[in-house]
Engineer: 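If you scroll down you'll find the structure; I have some questions about it.
Atom set for the values below is all heavy atoms of this structure, side chains included, hydrogens, waters and symmetry mates excluded. In what follows, every chain begins at residue 1, and chains take the letters A, B, ... in the order their sequences are listed. Not measured: the values here are computed from a predicted model.
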Amino acid sequence: MLFFVIRRFFSSIPTLFVVVTLSFFLMRVAPGGPFDLEQPLEAKIMENLNRAYGLDRPLIEQYGRYLANLLRGDLGPSFYIRDFSVAEILMKGLPVSMTLGTLAILLALGVGTTLGVIASLRQNSAVDYAVIGFATAGVTIPNFVVAPLFQIVFGLMLALLPVGGWNDGAVRNIILPVIVLALPQVAVVARMTRASMIEALRSDHVRTLRSLGMGQRIIVIHALRGAILPIISYLGPTAAALLTGSVVVETIFGLPGIGRYFVEGALNRDYTLVMGTVVVVAVFVLVFNMVVDILYALLDPRVRYE
Amino acid sequence: MMDQAQFHIRDLHVRFRTQADELHAVKGVSLSVARGETLAIVGESGSGKSQTMLAALGLLASNGVVTGSAMLNGQELIGASEVALDRVRGAKVTMIFQEPMTSLDPLYTIGQQIIAVIRRHRTVSAADAKAEALALLERVRIPDAARRLASYPHEMSGGQRQRVVIAMALANRPDLLVADEPTTALDVTIQSEILALLADLQREMGMAIAFITHDLGIVRRIAKRVAVMRHGEIVESGPVEQVFNAPRHPYTRALLDAEPGGTKEPTPADSPVLLEAQDVRVHYPVKSGFFGRTTQVIKAVDGVSLTLKRGGTIGIVGESGSGKSTLGKAIVKLAPATGMIRLEDRALIPLSRAEMRPLRRSLQMVFQDPYGSLSPRMTVGEIITEGLLVHEPGLTSAARDRRAAEALEEVHLDAALRNRFPHEFSGGQRQRIAIARAMILKPRLVILDEPTSALDRSIQKAIVDLLRDLQRRHGLAYIFISHDLAVVRAMADTILVMKDGQVVEQGESENLIRHPREDYTRRLLAAAMETGFSPC
């Protein structure tokens, strides 16, 4: 197991390298640059700016320099948000995004599996159809519709919760964004749990339990332990995506997470900021996939890593 | 007489509601099992024998409706609440099933699963339950039982898992054990051991057994009374000897006649050699450790030689894991082999995939599972003619369709069925389709990997007859892989007995079966005989 973790750690380095390289050159293929404004800058000023940020060097040299800095943990200065380094921007936004993401994942897991289990035990009943209906709605209604709706109902009409703002992470402020963020995941998890529970409840070993009079409670525990495995594989990459921020939710609720930097950075050709977010997302994805594999080995004795 | 009976089923009906209509699966079955007695319930798949017992125990699928009566020790089970049933099941009556590989929860240890059953029905301390579980494992003769308590199901063989299932079923000393084909999925030697174990345990514990099977050999061996079921009804019942020696119902007679018989006509001595294999090996390296070094080599096939003449059949027998299927795959280059394999004058092992392709039409393969080996999304006509697209690309679609019709007729299926999909056919019909798919390419050698093992006896017999007929008409050579000695004997000129990747004995079929030289062959034969196979 320890071997496995170490080997996975080392094998993720080439992956990370490919991701960094691809996004570095893809960014540069896009037309325009970080200092292009509507009114073009004077040629001399442009030249000075490019020289100051090292953008006048051959591309391959810039790439080499970026990699060297990255190895030292230096993500470079932001081109657009002046006077801030990319690391500073990410360090400020990441806790916000991670708080929202973690809560949303926990909500999705807790509520989603519960709904799924209930639906699977009452297959084809009104409860089951209600869960399926909710799950379909949760996946199909986009969050940029749900978010303003919640703001209007809970923020303005009922005046229960603030419509936006971070407010140092006050509980009142994060309830709505967490729910909006979690809703589609609750729906997906509920659907998946229902499907894999129905399958598990029909499996031969559950039939054995029934033939031995083991009772509903024990049967549900046994079935759920098997049914949870595919959900864990789904939640791995999903957790990485949620923890690294959502552009729509952060923008609508005016939250200072890192999700929106992705879009802002890309639109403004802020090369270093985009690269910084790419690195963060890639690391999260790699880490969470590894966590999923480890959880698998812990939950399923048939899975063993040599 | 009836007063002694502890389990009574009277006028039991099972109906399944489906979207379109209602399926009447069990139509008024009545039977009884007395204390300490074994009743065999026989019939082919779909006869309702399993559904009868599942219904009595309240284990039907959710769309099943049951009426009638099932009394255990005077307690009515039909219509009892789930809670009441849960007190009876596992304590007074238990059921074991056909699939030992999947009957145990893969995520819990053997010990946890047995202890849970004990403590569910009796107030026993954890330590006492563990001691009982250990005693049970020893009683079902699991070697090294103390260590096995901590094992997971996947660490055990099918036979061992079935022993664990039996231990769980008997943990609370039930009055009735329902055994639903508990040995069907097991090798013949293991099958015999499990049957002996059940008989011993029955003597010790005195429980009644209702044994569901399609294998008449098993019935002869274990039961005093038998009930023959067909289409949801009991057509005949009574003492085994009486029913088997003087069957009254034509269906019982047909079942008894269905045991495969006859032997193959000998291959002419001057028949040319079609396939020759020498010292064939298939070794798989096992990698482990930090750098994935090869630490072990699994020798699936280890130095096997054989010679097959045109029109001849070699039977390969052995238990699961003996390497018999891998050998079959190696011959058609579906498994990586070393050594020498020659088809007429071509050596096959050095050939590349592209060089191999034109030869593939001469080497066809038919597999065990007629459900898994046919694509569910293609019509039967498309499935059969798919090989022609590769090997005779010039054919027009009309010509292909004609060939499909001919191929179906050759395997005695209605040619008009070629536009249907596989799920519309029974297991036996599907196996005919798989054979037609092989035959349409006019092969010279067909490798048949357990082609009859998933089928009922009466259908097995028809497939054996069909294969022999095709061989006669087309001068085909067969390699017939099976664990079933009765079927192999009916098919093969010579038999190769495999164990651990090697041939332990080979010889002319009748001679080998009548005068086995090796211990292992004798054991296989003895086990087969106990379940009804007769070498004379």
Side-chain angles (χ1 to χ4, degrees), chain A residues 1-11 119-125 127-128 194 196-232 295-306, chain B residues 53-54 57-59 61-63 82-109 112-114 116-121 150-155 164-165 168-169 171-172 174 177-178 180 286-293 295:
Chain A
M1 187 68 170
L2 185 67
F3 274 169
F4 168 74
V5 175
I6 296 170
R7 201 163 54 193
R8 269 301 279 274
F9 177 78
F10 282 109
S11 71
S120 72
L121 292 176
R122 310 240 183 293
Q123 203 192 339
N124 297 331
S125 69
V127 184
D128 185 25
R194 176 183 177 274
S196 64
M197 272 298 280
I198 285 173
E199 201 187 312
L201 288 170
R202 284 187 190 145
S203 68
D204 289 342
H205 66 260
V206 166
R207 183 182 60 184
T208 304
L209 293 175
R210 290 182 63 204
S211 76
L212 292 167
M214 296 302 280
Q216 184 80 339
R217 197 181 63 86
I218 294 172
I219 286 171
V220 170
I221 292 171
H222 277 254
L224 186 59
R225 204 174 146 188
I228 204 86
L229 291 171
I231 292 152
I232 287 173
L295 278 178
Y296 243 88
L298 293 177
L299 287 171
D300 188 342
R302 287 165 299 181
V303 178
R304 282 284 172 268
Y305 303 114
E306 293 293 330
Chain B
M53 298 313 287
L54 286 170
L57 269 64
L59 293 171
S62 57
N63 63 339
E82 272 301 302
V83 177
L85 281 174
D86 275 342
R87 272 199 292 273
V88 177
R89 292 188 296 229
K92 301 262 179 271
V93 54
T94 52
M95 187 155 176
I96 58 177
F97 300 93
Q98 179 173 355
E99 300 82 6
M101 301 313 270
T102 50
S103 287
L104 294 165
D105 193 328
L107 305 182
Y108 292 83
T109 64
Q112 285 169 336
Q113 300 192 46
I114 301 177
V117 176
I118 295 171
R119 299 191 73 191
R120 166 82 187 169
H121 293 286
S151 291
Y152 286 96
H154 72 273
E155 295 165 326
V164 172
V165 171
M168 282 165 72
N172 297 311
L177 174 71
V178 180
D180 187 357
V286 178
K287 291 183 183 347
S288 65
F290 191 67
F291 297 105
R293 273 175 319 223
T295 51

Engineer: Under the rule for side-chain contact (heavy atoms from CB on, under 4.5 Å), what residues qualify as partners of A:L212, not counting sequence neighbours?
Structural biologist: A:T208, A:M214, B:T94, B:V117, B:M168
Engineer: Side chain from CB out, backbone as N, CA, C, O: work out which of these in B:L107 comes under 4.5 Å of a heavy atom of chain A, or both, or neither.
Structural biologist: both
Engineer: For the residue pair A:R210 and B:D86, what are the closest heavy atoms and their distance?
Structural biologist: O-OD1, 4.4 Å
Engineer: Report the distance from atom CZ of B:R120 to atom CG of A:L209, rounding to the nearest 0.5 Å.
Structural biologist: 10.0 Å
Engineer: Kindly indicate whether the side chain of A:H222, heavy atoms from C-beta on, has any atom under 4.5 Å from the side chain of B:Y108.
Structural biologist: yes
Engineer: What option among B:A171, B:A169, B:S103 has the most heavy-atom pairs under 4.5 Å with chain A?
Structural biologist: B:S103
Engineer: Heavy-atom pairs under 4.5 Å with chain B - which of A:R207, A:Q123, A:R202, A:Q216 has more of them than the others?
Structural biologist: A:R207
Engineer: Can you give me the closest heavy-atom contact between A:P301 and B:P106, atom names plus distance?
Structural biologist: CG-O, 3.2 Å
Engineer: Relative to chain A, which of B:V165, B:L59, B:I96, B:V178 shows the most heavy atom pairs under 4.5 Å?
Structural biologist: B:L59
Engineer: Select, from A:G215, A:G226, A:S203, A:G213, the one with the greatest count of heavy-atom pairs under 4.5 Å involving chain B.
Structural biologist: A:G213
Engineer: Quick check: are there more than 12 heavy atoms from other residues, nucleotides or ligands sitting under 6.0 Å from CD of A:E199?
Structural biologist: no
Engineer: Just verifying a value: how many Å separate A:D204 CG and B:D105 CG, rounded to the nearest 0.5 Å?
Structural biologist: 11.5 Å
Engineer: Between B:R89 and A:S211, what is the shortest heavy-atom contact and its length?
Structural biologist: CB-O, 3.4 Å
Engineer: Between B:R87, B:H121, B:E82, which has the largest tally of heavy atom pairs under 4.5 Å with chain A?
Structural biologist: B:H121
Engineer: Which bit of A:I218 comes within less than 4.5 Å of chain B, counting heavy atoms only: side chain, backbone, both or neither?
Structural biologist: side chain
Engineer: Go through the atoms of B:A116 and report whether side chain, backbone, both or neither lie under 4.5 Å from a heavy atom of chain A.
Structural biologist: both
Engineer: What part of B:V83 is in contact with chain A, defined as an atom under 4.5 angstrom from a non-hydrogen atom: side chain, backbone, both or neither?
Structural biologist: neither
